[in-house]
There are 2 protein chains.
Amino acid sequence: MTAIGTAPDTAASGRRRGPSMADVAREAHVSGQTVSRVSNGRHNVDADTRERVLAAMRKLGYRPNSAARALRTGRFHSIGVIMFTLSSFGNMRTLDAIAIASADAGYSITLIPVPHPTQGEISGAFDRLSEEAVDGVIIIIEAHLLDESDIELPPDLPVVVVDSTGSDRYTVVDTDQALGARLATEHLLALGHRTVWHIAGPERSYSASRRRESWQQTLAAHGAEAPPVLVGDWSAESGHEIGRALAADPEVTAIFAANDQMALGVLRAMHEAGRAVPDEVSVVGFDDMEEAASFWPPLTTVRQFFGEVGRLSVEALLHEVESSERRENRLVTTELVERASTGRPPS
Amino acid sequence: MTAIGTAPDTAASGRRRGPSMADVAREAHVSGQTVSRVSNGRHNVDADTRERVLAAMRKLGYRPNSAARALRTGRFHSIGVIMFTLSSFGNMRTLDAIAIASADAGYSITLIPVPHPTQGEISGAFDRLSEEAVDGVIIIIEAHLLDESDIELPPDLPVVVVDSTGSDRYTVVDTDQALGARLATEHLLALGHRTVWHIAGPERSYSASRRRESWQQTLAAHGAEAPPVLVGDWSAESGHEIGRALAADPEVTAIFAANDQMALGVLRAMHEAGRAVPDEVSVVGFDDMEEAASFWPPLTTVRQFFGEVGRLSVEALLHEVESSERRENRLVTTELVERASTGRPPS
DNA sequence: GCTCAGCATGTTGACGTGAACATGCCCGAT
DNA sequence: ATCGGGCATGTTCACGTCAACATGCTGAGC
């Protein structure tokens, strides 16, 4: 009947692409539109027909082409996440929560890394972003750098910024850094320490500034004299270095580090100097990373709810994507976790 | 001249979509194809024309529509990464490197999380994957679970598996776990310890098995008696628990933990029990996470090159994506980093 | 028996892009 | 002067999908 080689599927099999709706439609003896309806789970398809289409899909190994779908609908069902690489423990946890929340909502995550935190790199990431197939963006970047960058986001692209300044251009999901720093500082003061030393995060970090400011205000509110601010770079190594200087000063009895890693460095410095924690010096961290409970001694720290931050970010973003109206900003609380690294000052 | 409201762009501005190539073409008085050529950086465009097109792009705020481009070319310029959420420190570092290497190659990363490491979830991730807009996939999942899952990957989809068994279905980029475990064990034996205790990772982890087997083989090769295998779950807490038991046994003088977090838990247990490290007990970890140098005492550990793993994975995957031929498997080396947590056994 | 609502299904076209092919011009070789 | 090669630019069409509209059938209501 048919001449050799004229069977259309044989001829078509040469190309790399998988079967399309049209192939399924032919196989199931229905129109492409019916395949589309089945593929999208619409209910106005007869049960028999649906079954026939599904069978054809299975037989051919049909996979919807998301590019065509996106082209047609204008929706990518994907969320872009812009963040520093080699990023902090907290960012990873947040990313994690974002990924899970997105997956639950049927969105995938497109990572847009910023290898080096220079303005050029950040602008570059945003340029790349504008070509990315995303419906909205979550930005997890030290806010001060963000402000300095003259970034130009595609208009109409919903944006949620995490842990940043309260800009009125975007929805912001923030952690209550001020509360955490106050709790940490008050905890140490309440134990009887005359004042609290602070190891801050880098200047350009918004979170670091907020923690530092709150620490200062809390000291002032309690009439305690504020020691000079010491600035680290979030790393345990920087905490160790600053900790060595502090260990040499017998006046220092209470230290509040702006994150757990720097607190770890401080602990090591104290051990090396032979100063007992918490008997001679109390140390508080920030983040409550998983390992903090296993430091020696176990670290008193401020717990952040990264999962909640991620969840709320996705919720706010998708709300804007799907309804075009902005969600109000959210503030995620923090809490003090008391462990063995803090105690009364030596008398 | 023009009647009110007849300007075509005014009429078109009602819709949500941004300007298309056609709009730019009209603005620059060229054909759409010329815009396409400029957009793709082809060289066969006159300098004047190119400048005119670029100006029009800027004026209109033109952004290439990646969905249309992907539909036309069949390429998404995106790599899918399947991994556990809340994943280990090492995986995050690998992800980081993957993100950077991909960005350099002009590919973006689509994260496909697997919230719970059950077979159903993994299969679910792969189902989702088949609808994802990716050109290839990097899988970072405990291999044993992978084997148990009857996953069905889309045919013709290039796959690279990280830290997994040597399957001949996919390219594998692996870390030389065996070398690392041997180095760690030999280091302790060379210091004079009679034998080395091992805290392994969970059963289902391929990396954990390989480290455990290599530890056993090394002990056997040196004629040392192998203590029973202790199994943790990678967490510092599990290391602490097992460490408490080990601390109570005066025979134990050398411990090799399968990762740094568990080693941290062991250190804590030793401190609590008043057993000096390294004077009474030596401890070695695995990974060389950033904080390991700031543990107390600083941890001797096996360094992994996560960045290299990520880089090689992307390289292998993109090679297959672009040339359709498989790269050979790669093995990334490891090295021992000696710090203060190991020393001679008490005499 | 006729009408028409309600539902399953089919037909058409457009989303924005780039490959393939077509056109037209300039300029050097003959 | 003529031809043709090379290059810039234009035209056409299909990638796979889904919204909008069209069709045709069944059965309830009068």
Side-chain angles (χ1 to χ4, degrees), chain A residues 8-9 11-12 14-54 56-57 60-77 130-133 135 154, chain B residues 9 12 14-54 56-57 60-77 130-133 135 154:
Chain A
D9 44 0
R15 54 180 159 150
R16 298 287 305 265
R17 304 211 179 203
S20 71
M21 272 189 7
D23 299 318
V24 175
R26 206 176 306 120
E27 176 74 23
H29 301 291
V30 295
S31 72
Q33 185 55 217
T34 299
V35 178
S36 171
R37 282 189 266 254
V38 172
S39 178
N40 289 310
R42 308 230 186 272
H43 295 294
N44 52 347
V45 178
D46 186 81
D48 285 353
T49 312
R50 156 171 280 115
E51 203 38 64
R52 200 146 32 90
V53 171
L54 288 174
M57 285 178 171
L60 300 181
Y62 168 77
R63 307 293 176 189
N65 180 315
S66 56
R69 186 172 276 177
L71 175 60
R72 187 64 181 81
T73 62
R75 284 285 161 79
F76 298 98
H77 279 272
S130 55
E131 301 195 15
E132 295 289 347
D135 300 314
Chain B
D9 44 1
R15 55 181 157 147
R16 297 290 301 266
R17 303 214 180 201
S20 73
M21 270 188 7
D23 299 319
V24 175
R26 207 174 307 118
E27 175 74 23
H29 303 290
V30 295
S31 74
Q33 186 54 220
T34 298
V35 177
S36 172
R37 282 189 265 255
V38 172
S39 178
N40 288 310
R42 307 231 185 273
H43 295 294
N44 52 348
V45 178
D46 186 81
D48 285 353
T49 312
R50 156 170 281 116
E51 203 38 65
R52 199 146 34 93
V53 171
L54 288 174
M57 284 178 171
L60 299 180
Y62 168 77
R63 307 293 177 189
N65 180 317
S66 56
R69 186 173 277 178
L71 175 60
R72 188 64 182 82
T73 62
R75 285 285 163 77
F76 298 99
H77 279 269
S130 57
E131 301 195 15
E132 294 290 348
D135 301 313

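Residue numbering restarts at 1 for every chain, and letters A, B, ... go by the order of the sequence lines.
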Terminal helix-axis angle for the helix from C:dG1-D:dC30 to C:dT30-D:dA1, with five pairs defining each axis and rounding to 10 degrees: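 Overall, the helix from C:dG1-D:dC30 to C:dT30-D:dA1 bends by 50° from one end axis to the other.
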Minimum-distance nucleotide (side-chain atoms of A:N65 versus C:dA19, C:dG10, D:dG16):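 Out of C:dA19, C:dG10, D:dG16, the nucleotide with an atom closest to A:N65's side chain is D:dG16.
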Listed nucleotide nearest any side-chain atom of A:A68, set D:dC18, C:dG10, D:dG16: D:dG16
Reported CE-to-CE distance for the pair B:M21 and B:M57, which is rounded to 0.5 angstrom: 8.5 Å
Touch class at under 4.0 angstrom, heavy-atom based, for A:T34 against every strand present: sugar-phosphate
Holding to side chain to side chain contact (heavy atoms under 4.5 Å, CB included), I want the full list of residues that pass it with [X], two or more places apart in sequence or in another chain.
X: A:A68; value: A:N65, B:L71
X: B:P19; value: B:D23, B:L60, B:Y62
X: A:D48; value: A:D46
X: B:R72; value: none

Nearest-nucleotide comparison on DNA chain D, the residue closer to the 5′ end among A:G32 and B:R52: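 Going by which nucleotide is closer to the 5' end, it is B:R52.
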Nearest-Å distance, [atom1] ([X]) to [atom2] ([N])?
X: A:F76; N: C:dG16; atom1: CZ; atom2: C1'; answer: 11 Å
X: A:R75; N: D:dG16; atom1: CZ; atom2: C1'; answer: 20 Å
X: B:L71; N: D:dT17; atom1: CG; atom2: C1'; answer: 8 Å
X: A:R69; N: C:dG16; atom1: CZ; atom2: P; answer: 19 Å
X: A:M21; N: C:dG10; atom1: CE; atom2: C1'; answer: 12 Å

Residue list, salt bridge (charged side-chain N to carboxylate O under 4.0 Å, His left out) with A:E27, at least two apart or on another chain: A:K59
Within-4.5 Å side-chain heavy-atom neighbours: B:F76 and B:S66: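 In short, these two side chains do not touch, never coming nearer than 4.5 Å.
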Listed pairs, N/O of protein and of nucleotides 20-22 of chain C, under 3.5 Å:
none

Residue-level proximity of residues 43-51 of chain B to DNA chain D when a heavy atom falls under 4.0 Å: B:N44, B:V45, B:D46, B:T49
Heavy-atom closest contact (A:R52 atom, A:H29 atom, distance):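 In terms of heavy atoms, the two residues are closest at NH1-O, 3.9 Å.
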Minimum heavy-atom distance A:R42-A:R50, with the two atoms named: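 Shortest heavy-atom contact: O-NH2, 2.6 Å.
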What protein N or O atoms touch nucleotides 23-25 of chain D N or O atoms at under 3.5 angstrom, if any, and at what distances?
none

A:R75 backbone acceptor or donor facing A:D135 side chain under 3.5 Å: no
Side chain A:R72 and base D:dC18 donor-acceptor under 3.5 Å: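 Yes, the side chain and the base share a sub-3.5 Å donor-acceptor pair.
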For residues 31-40 of chain B, which side-chain N or O atoms pair as donor and acceptor with protein atoms under 3.5 Å away, sequence neighbours left out?
residue: B:S31; atom: OG; partner: B:Q33; partner atom: N; Å: 3.4
residue: B:S31; atom: OG; partner: B:T34; partner atom: N; Å: 3.4
residue: B:S31; atom: OG; partner: B:T34; partner atom: OG1; Å: 3.4
residue: B:S39; atom: OG; partner: B:R69; partner atom: NH2; Å: 3.0
residue: B:N40; atom: ND2; partner: B:S36; partner atom: O; Å: 3.1

